[in-house]
Amino acid sequence: MIRDITIGQYYQTDSVLHRLDPRTKLMGTLVFIVSMFLADSWIGYAVSAAYLAMIIRLSHVPVGFIVRGLKAVMILLLISVSFNLFLTAGEHEILSFWIIHITWEGVQQAVFMAVRLIFLIMGSSLMTLTTTPNQLTDGLETGLGWMKKIHVPVHEISMMMSIALRFIPILVDETDKIMKAQMARGADFESGNLIERAKALVPILVPLFVSSVRRATDLAMAMEARCYHGGENRTRMKPLRYAGRDRLGYLVMAVYLGLMIALRSLL
Amino acid sequence: MAIELKKVSYIYGAGTPMEVRALDQVSLTIPDGQFIGLIGHTGSGKSTLIQHLNGLIKATEGDILYNGRSIYSEGFSMKELRSKVGLVFQYPEHQLFETDVFTDICFGPKNLGLDEETICARAREALDLVGMDSSYDKASPFELSGGQKRRVAIAGVLAMKPEVLILDEPTAGLDPRGRDEILDQVARLHREQGITVVLVSHSMEDVAKYVDRIIVMNHGKAVFDGIPKEVFKHYKELEQIGLAAPQVTYIVHRLREQGFPISDDITTVEEAREAILEGIRKKR
């Protein structure tokens with residue numbers, strides 16, 4: 001049941017997008033997010049839709065797999081759509097009934113909001129789908145390296161991030177195992193009122209907590225045994241290097257961003 | 001009274017690129033009172049198989065009958081099944097959570113909805129069965145040694161008085177002495193309480209001494225199923241799937257190849273000793 005979450009998952013395949021430098025992809029995601037807030041017309045949304053479609057095509061990730069990730073934010077989506085639909089004031093009223101007023105502006109606003117959210121989620125999940133967690137933290141560390149100058153512990157933060165990401169699947173497995181072990185001892189997680197259910201979690205949380213602490217101490221010991229002492233003077237086995245495809249990627253991004261800005265100021 | 005598997009298949013992650021067929025049309029019967037060794041390499045499907053036996057995993061295809069009734073049929077109580085089929089997971093000590101040993105053992109019987117008196121009696125009995133006397137009752141389970149923790153965890157399942165006890169690699173990570181202690185205790189439970197035992201292991205050596213029957217799993221299929229002597233005769237095929245017969249089997253076969261008069265169905269060191277001595281006497 002816990003394994004069904006697709007947000008933040010990596011999809012193993014080979015494509016141009018998978019091979020891109022993680023810094024390029026991080027920048028690309030940022031550009032795409034900014035562009036979504038620039039779009040304010042049907043043409044603007046059409047351009048970003050085409051851009052997104054092109055990237056999905058390039059990533060070789062099945063569309064169905066990406067769409068499945070939307071399920072998790074369905075409720076958020078519904079709430080924001082209904083707020084926009086019912087609470088937008090406007091001139092052209094379509095439907096008016098008791099306290100409900102639906103205006104043409106409201107419909108437009110709701111559709112835009114839905115499209116914007118869906119695109120945002122699809123765009124950013126594309127990055128995690130095509131980038132392994134390790135590449136991602138590498139990209140962040142190198143990309144944000146300049147922040148060291150203002151005494152931000154970039155290396156430590158990214159090390160913590162990669163360890164946390166590394167441990168998610170392990171802890172998911174562990175939770176699954178402990179849950180099953182307690183179910184084999186007759187534990188019941190599905191019935192009872194809220195308080196009973198919360199109490200039923202104790203036999204899972206205590207062993208999970210104990211094992212996390214145990215794993216953390218083991219890992220700390222193993223890192224110390226290999227003389228890890230932070231980011232000072234630490235070199236990389238695979239340093240990140242930009243290739244031709246990254247230059248092309250930045251060019252595509254620049255053209256797209258330029259187009260979006262132009263569309264906003266012209267229309 | 002038996003568990004019967006009918007063409008059970010199980011697929012992990014169906015519909016994703018990581019799809020794995022963990023069980024492939026497995027059919028077998030586990031009759032009452034048997035001591036079974038379930039052997040297979042890592043990833044052969046043995047852990048998946050045993051989780052089907054108490055309904056923790058639902059088979060993708062096929063059916064499982066407990067005492068002649070399908071466990072997937074309407075109105076079948078999974079809770080009751082889990083109290084009858086006790087499952088001890090790998091590294092069971094990781095499931096301990098209470099503040100003291102005795103309370104932790106009470107968790108299982110308490111979930112069955114028994115009264116206070118019965119719960120305490122069962123907990124005491126289970127702890128006695130695994131050889132933990134009452135001086136440990138108030139100890140924190142996290143202060144015990146590895147072997148003791150494991151025995152407490154096994155007692156936690158025994159306190160539910162299961163008719164079938166399944167143990168997944170109960171000796172993993174224990175030293176030879178701890179291993180023998182646990183296995184001897186399980187064997188005694190089988191003998192004295194008459195419960196059915198399924199012992200999962202990847203080591204033939206461990207199980208050969210104790211079990212009545214061996215089931216060998218490979219790639220989600222039960223490839224061999226029979227008494228140990230019969231299964232070990234296929235030691236060459238067993239090697240091909242990455243398992244080895246007990247070392248003594250090899251010695252016996254080598255002796256036979258050299259023309260030494262010895263039977264080929266010897267599985268334990270004691271038997272081999274007798275047979276070799278007898279062979280020497282005959283030769284003279």
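None of the values given here were measured: they were computed from a predicted structure. We name chains A, B, ... by the order of the sequence lines, and we start the count at 1 in each one.
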Step through the shown structure and confirm whether more than 12 heavy atoms of other residues, nucleotides or ligands are within 6.0 Å of [atom1] on [X].
{"X": "Arg57(A)", "atom1": "CZ", "value": "no"}
{"X": "Met54(A)", "atom1": "CE", "value": "yes"}
{"X": "Glu61(B)", "atom1": "CD", "value": "yes"}
{"X": "Arg226(A)", "atom1": "CZ", "value": "no"}
{"X": "Met27(A)", "atom1": "CE", "value": "no"}
{"X": "His219(B)", "atom1": "NE2", "value": "no"}

Shortest non-hydrogen contact from Arg185(A) toward Asn111(B): O-ND2, 3.1 Å

Heavy-atom closest pair, residues Gln90(B) and Lys177(A): O-NZ, 3.6 Å

Among Leu81(B), Asp104(B), Val88(B), residue most engaged with chain A (heavy-atom pairs, under 4.5 Å): Asp104(B)

Pick from His94(B), Lys79(B), Gln51(B) with the largest number of heavy-atom pairs that fall under 4.5 Å of chain A: His94(B)

Partners meeting side-chain hydrogen bond (donor to acceptor under 3.5 Å, both in side chains) with Thr142(A) (sequence neighbours left out): none

Side chain / backbone / both / neither for Leu112(B) at chain A, heavy atoms under 4.5 Å: neither

Members of residues 198-209 of chain A whose heavy atoms come closer than 4.5 Å to chain B: Val202(A), Pro203(A), Val206(A), Pro207(A)

Chain B contact residues among residues 210-220 of chain A, heavy-atom distance under 4.5 Å: Val210(A), Arg214(A)

Lys161(B): partners by salt bridge (Lys or Arg N to Asp or Glu O under 4.0 Å), with sequence neighbours left out: Glu125(B)

Steps toward side chain to side chain contact (heavy atoms under 4.5 Å, CB included) verdict (Asn54(B), Met183(A)): CA-CA 10 Å; Asn54(B) 71 348; Met183(A) 273 158 81; over 6 Å; no

Gln182(A) side-chain N/O to Gln95(B) backbone N/O, donor-acceptor pair under 3.5 Å: yes

